[in-house]
Amino acid sequence: MDSRRHFLGKVASGLAGTLAAVPAQVLGSNERIRVGLIGFGDRGVELLNHVRSCTNTEVTAVCDIYSKRLERAKGLVPAAAVYSDYRRLLDDKSIDAVIIATPPHLHAEHFCGALGSGRHVYQEKTMAFTLAHAKRMRTAFQNDGAKHVVQIGHQSCSFGQMRDAQQFLSDSRRMGKITAIVMHMFRNTPRNKPQWSRPALMTPEVNAENVLWKSFLGEAPVRPFDPQRFIHWRLYRDYSGGNVYEGMSQQLGFWYQALGLAIPKTAAMHGGTYLWKDGREVPDTMSVSLEQPEEVLISWSSGFGNNHLGVTEHVLGDNGSLARGNQIRYAPQKMNRPDGTEMVGQSTHVPHVHMQNFCDSIRTGKSPSCPFETGFRVSIACRMAVNSFVLGRTVRWDPGKEEIV
Ligand SMILES: NC(=O)c1ccc[n+]([C@@H]2O[C@H](COP(=O)([O-])OP(=O)(O)OC[C@H]3O[C@@H](n4cnc5c(N)ncnc54)[C@H](O)[C@@H]3O)[C@@H](O)[C@H]2O)c1
């Protein structure tokens with residue numbers, strides 16, 4: 001009972017904290033938000049469209065280090081200035097907010113630069129690539145002193161599902177003691193199309209003249225120009241955490257925010273590259289166990305060779321269960337809650353809802369729906385899982401030293 005109170009108390013205080021933080025620099029409701037976008041690849045283009053769906057908001061500058069992507073930007077946003085060095089974009093004092101949609105190993109550099117220059121930041125997930133990056137980003141966040149809004153790109157935190165989940169969780173009797181979260185993410189592709197392959201992008205134009213390779217590498221190990229690594233960065237450990245960073249982080253993001261979960265005590269990950277023997281360094285089949293300090297065991301399994309199980313999420317308590325699919329569904333455990341009834345959430349969302357929430361936060365000063373702290377904890381959980389896989393053993397979080405051991 002004590003630990004349940006403690007756990008649900010944390011959920012409640014997490015929500016209170018969300019409402020309490022008010023950035024000191026608030027734009028007037030009629031003022032136009034001028035946005036600079038760093039990283040104009042697949043996600044960058046999607047986020048451009050999200051910005052366009054938000055009223056009185058405009059992308060006025062784009063930065064990318066591949067000339068083809070800048071040509072695309074000139075075609076799609078002719079009025080925007082284009083840059084191949086993000087520092088030149090940040091020199092433009094008329095920019096209020098920066099969206100970062102570069103590969104994960106570059107997030108810390110671009111985040112610290114953007115926030116340090118006094119901009120509101122929308123940071124794509126997974127927020128931090130390494131623990132050292134997470135800490136560096138936290139220092140930048142603390143130095144800003146909450147003067148600017150930081151939204152992390154776990155967009156489901158802005159979905160109506162979050163309100164439904166919080167509503168169902170608001171009466172602690174519905175769930176009882178939550179002990180497990182079970183999640184899957186299974187996909188399949190035709191035999192000649194490996195998951196995450198982008199053959200259409202592998203053109204002769206991906207060459208050392210058109211790509212600023214040193215800027216792509218950032219702090220990653222130096223190596224000669226390699227078009228395969230540039231286009232297929234998701235397959236390589238120097239730039240990617242594989243589907244733990246691409247998929248698990250999104251599913252964790254929702255429940256870490258809904259339940260106010262802390263950094264896990266331990267992480268264990270198993271798996272391998274069982275199907276796509278195309279030189280990728282990240283596994284295509286994997287399972288992760290995260291032992292949470294709240295006495296909740298999170299199990300996530302994922303594979304790229306069969307989509308039968310699809311994407312599922314279940315939160316299990318001794319009084320009831322929550323399932324997240326198209327809607328949030330609550331089902332009572334009849335043996336402990338004989339009078340409990342099933343409930344289905346009704347909330348929907350539009351694709352740009354997370355960007356809208358970012359813009360609303362800039363204007364109102366309210367904390368965004370996926371605040372820095374959530375991105376920070378999710379990043380560390382993901383790094384713990386990947387470290388466990390690479391080391392071939394369980395890893396532990398040392399809260400005193402703030403180290404993965
Ligand atoms: N929230 C979501 O649903 C979602 C979906 C897809 C991707 N993402 C995230 O968005 C990010 C980008 O993914 P993507 O699929 O668009 O990748 P991508 O390869 O299509 O695009 C990345 C872009 O960054 C550019 N870039 C690389 N180094 C740069 C640098 N130093 N300065 C400026 N630009 C640089 C590349 O040239 C490329 O255009 C990743 O973090 C990914 O996890 C999030």
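Atoms within each ligand, like the ligands themselves, are counted from 1 in listed order. Heavy atoms only: backbone and side chains are in, while hydrogens, waters and symmetry mates are out.
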Only one of Phe225, Phe230, Phe216 passes ring-ring contact (aromatic ring centres under 6.0 Å, His included) with Tyr66, and that residue is Phe230
Residues passing the salt bridge (charged side-chain N to carboxylate O under 4.0 Å, His left out) test with Glu205, sequence neighbours excluded, are Lys68
Sorted by chain and residue number, the residues having a heavy atom closer than 4.0 Å to an atom of ligand 1 are Ile38, Gly39, Phe40, Gly41, Asp42, Arg43, Cys63, Asp64, Ile65, Tyr66, Arg69, Ala101, Thr102, Pro103, Pro104, Leu106, His107, His110, Glu124, Lys125, Gly153, Gln155, Arg198, Ser215, Phe216, Phe230, Trp233, Arg234, Glu246, Gln250
The residue among Leu70, Leu48, Leu47, Thr102 that forms side chain to side chain contact (heavy atoms under 4.5 Å, CB included) with Phe40 is Leu48
Side chain to side chain contact (heavy atoms under 4.5 Å, CB included) test vs Met384 passes for just one of Thr394, Thr266, Ile263, namely Ile263
Contacts of Arg396 meeting salt bridge (charged side-chain N to carboxylate O under 4.0 Å, His left out) (sequence neighbours excluded), chain-then-number -> none
The side-chain hydrogen bond (donor to acceptor under 3.5 Å, both in side chains) partners of Gln167 (sequence neighbours excluded) come to none
